[in-house]
2 protein chains.
Amino acid sequence: MQNDDLLRLENQLCFPLYAASRLVTRLYQPLLEAHGLTYPQYIVLLILWEQDGLTVSDIGDKAMLSSNTLTPLLKRMQTAELLERARSEFDERKVIIKLTDKGQALKSEVACIPLQLLENSRIDIEKAKQLKSLLDELIGKLA
Amino acid sequence: MQNDDLLRLENQLCFPLYAASRLVTRLYQPLLEAHGLTYPQYIVLLILWEQDGLTVSDIGDKAMLSSNTLTPLLKRMQTAELLERARSEFDERKVIIKLTDKGQALKSEVACIPLQLLENSRIDIEKAKQLKSLLDELIGKLA
DNA sequence: CAAGACTATATCGTGCGCGATAAAAAAGAT
DNA sequence: ATCTTTTTTATCGCGCACGATATAGTCTTG
């Protein structure tokens, strides 16, 4: 493949990744907005629903985000009364994030969303699994 | 699969997409920054190197972006003297984007980047192709 | 040709992402 | 014990993304 071909948009792996990610976010957006959530906030909730009481950097490790993104995001979620932020009493550097009742309760409200999106979009479930496993592998190599 | 499992981060297709897209952007970022480019600006250049003289919405169709994102971005690229923005003389609503010599010249400078990234990351070329085709299919269904 | 509909771009506001840096607490070193 | 290093969170600035809206040019239709 010549350099010229390597620079064609259609031959880039980066662009479909970028485009697909934004398209999927757009798919979630109206459903999440109904619950006052943004997409990254939903990611944080997915993490906290699995394990509550994590520190900011614990969440950061899982979401691949750091404090410059997470601190303001978590503050907004605190303002929305979805979670509480409190310094650890054992290590004052750490901030422990705990879901409020409202944050916990949201779980059952949005539980239907993944399935709903899967059904509404005509996505082949086998191809989705294949895609996910290729993405996980890519992430493993880049993270 | 139960609702609870459907909400586990590890079972979401959306998250690896979001994470992989950001990881790949981070891979490009230092190489692009050396040429004063951001990742979305690079995407716009890829488009214009293929076909110059497009309108804002032509570029938007290809990049899946609209004027609220593109107008400021193109203005920054104009300030960087990579391109010129001029109203069409036939239809004054349209803005024609033309690369400057500097914008054209950048093509040969960044031509090595895709291959360089492919080689530096230990990405299997066959899996990359497979991934791209699955992403293209997904985009086709969602766009 | 005037009024309304439509199209193309621009503007505005909000929320990310993230590099760079700061500040404070904890851990380690001498 | 003091000094240095590391860890953890927060702050700042900039550039996207994008919904909502504005503005101006073009087209359509009576």
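Everything numeric here is computed off the predicted structure, so don't read it as measured data. Per chain, numbering begins at 1; letters A, B, ... match sequence-line order.
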Heavy-atom nearest nucleotide on DNA chain C taken for Pro72(A) and for Glu92(A); more 5' hit belongs to Pro72(A)
If only side-chain N and O atoms of [X] are considered, is one of them under 4.0 Å from the OP1 or OP2 phosphate oxygen of [N]?
X	N	value
Lys75(B)	dT11(C)	yes
Thr38(A)	dC16(C)	yes
Arg93(B)	dC6(C)	no
Arg26(A)	dC18(D)	yes
Gln29(B)	dG17(C)	no
Tyr39(A)	dA17(D)	no

By the 4.0 Å heavy-atom rule, please label [X] as base, sugar-phosphate, or nothing.
X	value
Ser66(A)	nothing
Thr69(A)	base
Leu73(B)	sugar-phosphate
Ser57(B)	sugar-phosphate
Asn68(B)	base
Ser67(A)	base

Nucleotide [N], atom [atom2] - distance to [atom1] of [X] in whole Å:
X	N	atom1	atom2	value
Leu32(B)	dG19(C)	CG	C1'	15 Å
Lys94(B)	dC27(D)	NZ	P	9 Å
Asp91(A)	dT8(D)	CG	P	7 Å
Met77(A)	dG15(C)	CE	C1'	13 Å
Arg87(B)	dG25(D)	CZ	P	8 Å
Gln41(A)	dG17(C)	CD	P	10 Å
Ile43(A)	dG17(C)	CD1	C1'	14 Å
Leu74(A)	dG15(C)	CG	P	14 Å

Ile139(B), Leu17(B): one ILVMFWY side-chain cluster at the under-4.5 Å cut-off?
yes
Ignoring hydrogens and geometry beyond distance, is a side-chain donor-acceptor pair present between Asp58(A) and Thr55(A) at under 3.5 Å?
yes
The side-chain contact (heavy atoms from CB on, under 4.5 Å) partner of Leu45(A) among Leu32(A), Val110(A), Leu83(A), Leu99(A) is Leu99(A)
All heavy atoms of Phe15(A) vs all of Tyr39(B), minimum pair found to be N-OH, 3.8 Å
Checking dT9(D), dA10(C), dC18(D) against the side chain of Val56(A) (C-beta onward), the nearest is dT9(D)
Out of dA10(D), dG17(C), dT9(C), minimum distance to the side chain of Thr71(A) belongs to dA10(D)
* Would you call Lys132(A)-Asp136(A) a salt bridge at under 4.0 Å N-O? -> yes
Check: So Tyr28(A) and Tyr42(A), would you call those rings parallel, tilted or perpendicular, with 30° and 60° as cut-offs?
Finding: tilted
Of Tyr18(A) and Ile96(A), the one whose closest nucleotide on DNA chain D sits nearer the 5' end is Ile96(A)
